[in-house]
Number of protein chains: 2
Amino acid sequence: MKKILIVDDDAELRMSLSEILKGAGYLTDEAASGNEAITKIFSEDFDIALLDLMMPGMNGIEALKEIRMIGPKPKAIMITAFATIDNAVDAIKKGASDYISKPFKMDELLTTIRRVLEEASFESSIKKLDIEHTMISLSNPIRRNIMRMLNTMPGMRLMEICRELGIEEHTKVVFHMKMLKESGIIEQDKEKAYSLTKEGEKAMDFLKALDNYL
Amino acid sequence: MKKILIVDDDAELRMSLSEILKGAGYLTDEAASGNEAITKIFSEDFDIALLDLMMPGMNGIEALKEIRMIGPKPKAIMITAFATIDNAVDAIKKGASDYISKPFKMDELLTTIRRVLEEASFESSIKKLDIEHTMISLSNPIRRNIMRMLNTMPGMRLMEICRELGIEEHTKVVFHMKMLKESGIIEQDKEKAYSLTKEGEKAMDFLKALDNYL
DNA sequence: CGATTATGTGAACAAGAATTGACAGGTAAG
DNA sequence: CTTACCTGTCAATTCTTGTTCACATAATCG
């Protein structure tokens with residue numbers, strides 16, 4: 001069940017939106033101001049925030065900025081009575097997922113919500129895949145050692161790595177190099193020299209952190 | 001073959017120490033100052049650093065501090081002509097592994113070096129085991145989810161976890177719980193309720209870090 | 001050139017991790 | 001007491017990972 005936070009200073013509008021969204025199968029909560037919204041988002045997990053652009057006190061854009069400081073959730077849909085291209089562009093740049101202008105048909109809003117939710121679930125499945133890859137690579141001691149070596153001595157070649165690891169059968173190392181390549185953790189240049197990718201460096205940070213904490 | 005870095009401003013002393021240590025089967029390198037030592041340690045891996053406490057410029061204690069900023073390696077043995085308890089205590093607090101006062105017999109030094117090396121290899125084998133365990137636990141998505149759940153809702157019991165995960169066969173979950181328990185990541189109270197251990201919380205931090213970096 | 005070293009593929013096999021099903025002791029409720 | 005449910009063990013099986021071997025193709029060196 002997806003949770004939607006409705007942020008608007010107009011209590012009536014909040015109520016009617018809430019009714020309709022509940023009817024469409026969503027859980028809803030309301031906030032009358034940007035500040036209230038941020039407090040709620042801090043303590044509770046929402047999938048979507050409907051943000052009115054024009055509110056007394058903290059306006060929608062400012063609220064959005066604060067929300068993005070907290071984390072990637074919730075996705076934001078901006079709503080405004082005075083739509084301008086500039087406003088829209090600005091909102092999207094600041095991390096809003098979509099932008100709707102009043103007056104809007106309920107259908108329109110529901111469609112937008114569905115689309116945004118779908119995008120979000122797609123994103124998060126991508127993310128999961130990535131973690132999966134990274135973890136699988138990190139889960140093997142040989143691969144961890146290879147990563148450590150490439151971290152301190154980038155540009156090593158296959159046989160050097162074998163010797164350094166004290167592994168006779170080079171094919172074993174080939175196997176692990178392949179996995180690391182497929183996970184996008186290492187890469188090879190035309191000279192066959194291996195080094196960490198950007199992703200690999202991130203993963204190394206993770207490894208180092210683990211190493212240090214003991 | 002273990003590598004020892006000799007840090008002392010007295011060139012003759014360095015030479016003679018180096019000769020003797022080479023004779024005892026160690027690889028050696030020399031640095032005439034704290035700064036030189038740090039540069040070498042940055043680019044090369046040493047197992048032990050012999051640090052003179054009294055040196056012009058950066059003294060031994062200061063050098064030690066810098067070295068510890070780099071990482072756990074190398075282990076440091078402090079050497080001084082003017083031994084005081086305060087100095088010794090201070091050195092050990094700052095991360096030195098041992099403390100010898102001049103004049104010392106060569107035997108004494110060699111024994112100390114052997115002991116420090118042994119301690120270090122013991123430490124690192126412990127560490128490897130731990131990482132191994134943690135990694136294996138983290139490498140499975142079901143276990144990661146269990147950890148996430150126990151992080152937000154500690155005290156859950158087996159069947160609750162099964163239902164939350166949508167897993168029918170409870171024995172499957174039992175299996176993963178067992179692994180997590182053996183890795184020291186979760187624990188169980190008399191009421192059979194599960195929760196994260198201290199270790200488990202650390203591991204969670206890493207998971208969160210990974211989640212965030214995407 | 002011929003020999004050696006480096007890099008890699010693919011299939012077969014071994015080892016380890018994960019799943020499943022049969023069973024069993026404990027507790028709580030009716 | 002009986003029934004239902006929770007918690008778990010154990011062994012059998014299947015699925016994944018990792019290792020090894022036989023072979024292939026450059027590149028390099030003397």
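Within every chain, numbering begins at 1; the chains are lettered A, B, ... in the order of the sequence lines, protein sequences first and strands thereafter. Since we're looking at a predicted model, the values are computed, not measured.
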Handout entry: B/S/- contact track for nucleotides 20-30 of chain C, protein heavy atom under 4.0 Å
Key = BBB--------

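- B/Lys181 has its NZ atom 11 Å from the P atom of D/dT7, to the nearest Å.
- Following rounding to the nearest Å, B/Lys190 (NZ) and D/dC6 (P) show an atom-to-atom distance of 21 Å.
- A/Ser183 and A/Ser137 share a donor-acceptor pair across their side chains, judged by distance under 3.5 Å alone.
- The side-chain hydrogen bond (donor to acceptor under 3.5 Å, both in side chains) pairs that include a residue from residues 28-42 of chain B are B/Arg14-B/Glu30, B/Ser18-B/Thr28, B/Asp29-B/Lys40, where partners are two or more places apart or lie in different chains.
- When rounded to the nearest whole Å, the span between CD1 of A/Ile167 and P of D/dG18 equals 12 Å.
- Considering only side-chain atoms of B/His176, the nucleotide from C/dT9, C/dA18, D/dG8 that sits closest is C/dA18.
- Relative to the side chain of A/Met179, the nucleotides C/dT7, D/dG18, D/dG8 differ in distance, and D/dG18 lies closest.
- Taking the charged nitrogens against the carboxylate oxygens, A/Glu191 and A/Arg157 have no contact shorter than 4.0 Å, which rules out a salt bridge.
- Out of D/dG18, C/dT7, D/dG8, the shortest distance to the side chain of A/Asn140 is found at D/dG18.
- With rounding to whole Å, B/Met159 atom CE is found 16 Å from D/dA4 atom P.
- In this structure, A/Tyr194 reaches the C/dG8 phosphate: one of its side-chain N or O atoms is under 4.0 Å from OP1 or OP2.
- Counting to the nearest Å, the P atom of D/dA11 and the NZ atom of B/Lys178 are 11 Å from each other.
- For A/Gln188, the side-chain contact (heavy atoms from CB on, under 4.5 Å) partners at least two apart in sequence or on another chain are A/Lys181, A/Lys192, A/Tyr194.
- For the pair B/Lys192 NZ and D/dT9 C1', the interatomic distance rounds to 12 Å; values are reported in whole Å.
- Nearest to the side-chain atoms of B/Ile136 among the listed nucleotides D/dG18, C/dT9, C/dA17 stands C/dA17.
- Side-chain nitrogen and oxygen atoms of A/Gln188 include at least one within less than 4.0 Å of the OP1 or OP2 phosphate oxygen of C/dG8.
- Rounding to whole angstrom units, CG of residue A/Leu158 and C1' of C/dT9 are separated by 13 Å.
- Counting non-hydrogen atoms under 4.0 angstrom, A/Glu168 reaches nothing in the nucleic acid.
- Among C/dT19, D/dG8, C/dT7, the nucleotide with an atom closest to any side-chain atom of A/Arg157 is C/dT7.
- Using a 4.0 Å heavy-atom criterion, one finds that A/Glu160 contacts no nucleic acid atom at all.
- Under 3.5 Å, the side chains of B/Asn145 and B/Arg148 contain a donor-acceptor pair of N or O atoms.
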